[in-house]
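A quick write-up on the structure given underneath.
All values below come from the heavy atoms of this structure, side chains included, with hydrogens, waters and symmetry mates left out. Quick caveat, the model's predicted, so the values are computed rather than measured.
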Amino acid sequence: MMFKTTILAFAVAALSVLSVDAHVALKSPCPRYGSFAGCPAPPKGQSVDYNIRTPIGVHGRVDFPICKHKTPYTGKRTVYKAGQTIKTDYDVGAAHGGGHCQWALSYDNGKTWVVIQTLIRDCLRNVPNFGKYSANVKIPANAPSGKVTFMWLWNNAVGNRELYSNCADIEIKGSNGGKLTGLAPLFANYGKSPLIPEFPNKNDKDGRELFAKRKTITITVPKTKK
């Protein structure tokens with residue numbers, strides 16, 4: 001009896017570990033406080049996030065802020081040129097049938113966002129547990145220069161109604177000042193935000209009408225004196 005109890009306890013513990021860490025995170029560019037090789041140390045007072053794959057919330061509950069961590073890196077940032085394509089890589093535990101992804105930029109540390117790319121349904125689709133996934137995301141050619149927060153959002157297709165988010169602190173070399181126009185992000189399955197139901201099958205309602213209702217937003221970046 002004791003042997004069976006021990007086995008059961010071990011199985012429950014293993015399942016608990018998987019349920020905590022078997023999801024998805026942005027891996028490259030380095031997300032804030034990521035433990036991946038080549039990522040910088042967290043800012044003073046912050047800690048490495050060893051559970052970085054976990055969602056930031058579910059429908060009806062907020063667990064973490066957008067980006068998962070608010071304080072940006074303070075050191076040197078990876079530099080991208082306006083118009084350049086970023087190859088984003090992901091640390092996959094369980095892809096939950098894929099889902100919807102959005103990528104966005106912020107020039108004011110997350111106060112305002114402009115979505116630069118959206119992938120409906122096919123993001124992380126058919127990726128096996130602990131498999132590899134990457135996506136190319138193009139920076140708009142008219143993106144102004146500046147220190148920028150690059151955000152990834154993911155609403156999973158299958159499982160709890162969750163929202164995932166990681167952010168990378170990058171620098172863009174583009175025009176000196178200017179405007180960037182796009183769509184505001186949809187934050188669904190996150191606290192009191194809109195609900196996207198599960199959509200494992202082709203004809204299931206997948207919430208795409210919510211993405212179609214995103215509002216246009218323009219952010220203005222002032223010129224800097226040389």
Side-chain angles (χ1 to χ4, degrees), residues 17-57 62-96 98-99 101-111 113-117 119 123-124 127-140 143 145-156 162-174 185 187 190:
V17 171
L18 287 173
S19 66
V20 168
D21 199 32
H23 304 288
V24 180
L26 177 69
K27 185 176 182 180
S28 177
C30 279
R32 287 178 181 171
Y33 315 169
S35 61
F36 309 114
C39 289
K44 187 177 180 179
Q46 306 299 323
S47 302
V48 173
D49 185 352
Y50 292 105
N51 290 321
I52 199 165
R53 295 181 194 160
T54 56
I56 61 170
V62 171
D63 296 322
F64 299 96
I66 298 300
C67 288
K68 200 158 190 253
H69 301 286
K70 285 187 174 182
T71 305
Y73 282 125
T74 55
K76 186 177 180 180
R77 299 179 178 220
T78 302
V79 178
Y80 298 94
K81 295 180 180 179
Q84 183 177 347
T85 296
I86 301 176
K87 181 180 179 291
T88 64
D89 295 312
Y90 299 85
D91 183 38
V92 179
H96 296 301
C101 284
Q102 302 170 83
W103 294 268
L105 301 178
S106 175
Y107 284 80
D108 56 10
N109 195 30
K111 295 178 182 178
W113 297 97
V114 173
V115 173
I116 59 173
Q117 190 164 304
L119 185 57
C123 192
L124 290 153
V127 177
N129 289 353
F130 304 102
K132 293 183 178 180
Y133 184 75
S134 63
N136 291 326
V137 180
K138 187 174 182 180
I139 299 172
S145 293
K147 292 184 177 180
V148 177
T149 309
F150 175 79
M151 175 177 67
W152 165 71
L153 291 171
W154 173 47
N155 288 113
N156 53 305
E162 299 166 331
L163 178 65
Y164 294 76
S165 175
N166 296 124
C167 290
D169 297 303
I170 65 172
E171 184 174 353
I172 292 177
K173 294 291 186 181
F187 300 108
Y190 183 63

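Put simply, the side chain of Asn109 reaches to within 4.5 Å of the side chain of Pro72, judged on heavy atoms. Between Thr88 and Ser28 the shortest side-chain heavy-atom distance does not fall below 4.5 Å. The side-chain heavy atoms of Tyr190 and Asn155, taken from C-beta on, include no pair separated by under 4.5 Å.
By the 4.0 Å N-to-carboxylate-O rule, Lys147 lies too far from Asp169 to be salt-bridged with it.
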Residues 74-83 side chain polar contacts: donor-acceptor under 3.5 Å, at least two apart:
unit_1, atom_1, unit_2, atom_2, d
Arg77, NH1, Val148, O, 3.2
Arg77, NH1, Ile170, O, 3.1

Residues 127-134 side chain polar contacts: donor-acceptor under 3.5 Å, at least two apart:
unit_1, atom_1, unit_2, atom_2, d
Tyr133, OH, Leu124, N, 3.4

Stepwise side chain to side chain contact (heavy atoms under 4.5 Å, CB included) test for Ile86 and Asn136: CA-CA 6 Å; Ile86 301 176; Asn136 291 326; over 6 Å; no
Cys167 vs Met151, side chain to side chain contact (heavy atoms under 4.5 Å, CB included): CA-CA, chis, key distance, verdict: CA-CA 4 Å; Cys167 290; Met151 175 177 67; 3.6 Å; yes
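Across all non-hydrogen atoms, the minimal contact from Ile116 to Ile139 is CD1-CA, 4.5 Å. Gly174 and Ser145 make their closest contact through N-OG, 2.7 Å (heavy atoms, listed as atom of the first residue, atom of the second, distance). Nearest approach of Val24 to Ala95, heavy atoms of both residues: CG2-CA, 4.2 Å. Taking all atoms of both residues into account, the shortest heavy-atom contact from Asn156 to Tyr164 is OD1-CE1, 4.0 Å. Residues Ser165 and Cys67 come closest through the heavy atom pair OG-N, 3.0 Å. Between Pro42 and Ser47, the closest heavy-atom pair is CG-C, 3.7 Å.
Rounding to the nearest 0.5 angstrom, the gap separating the CD1 atom in Ile56 from the CD atom in Glu162 is 11.0 Å. Separating the CD atom in Gln84 from the NZ atom in Lys138 is a distance of 11.0 Å, to the nearest 0.5 Å. Atom CG of residue Leu105 and atom CH2 of residue Trp113 lie 8.0 Å apart, to the nearest 0.5 angstrom.
In terms of modelled atom types and a separation under 3.5 Å, the side chain of Asn51 and the main chain of Thr54 share no donor-acceptor contact. Side chain of Tyr73 to main chain of Tyr33: a donor-acceptor pair is present (N/O by atom type, distance under 3.5 Å, no hydrogens or angles).
By the side chain to side chain donor-acceptor pair (under 3.5 Å) test, Asp91 pairs with Arg53, sequence neighbours left out.
Considering Ile52, Thr71, Thr149 in turn, Thr149 is the only one that fulfils the side-chain contact (heavy atoms from CB on, under 4.5 Å) rule with Arg32.
Trp154 and Trp152 have parallel rings, their planes meeting at less than 30° on a 0 to 90° scale where 60° marks the start of perpendicular.
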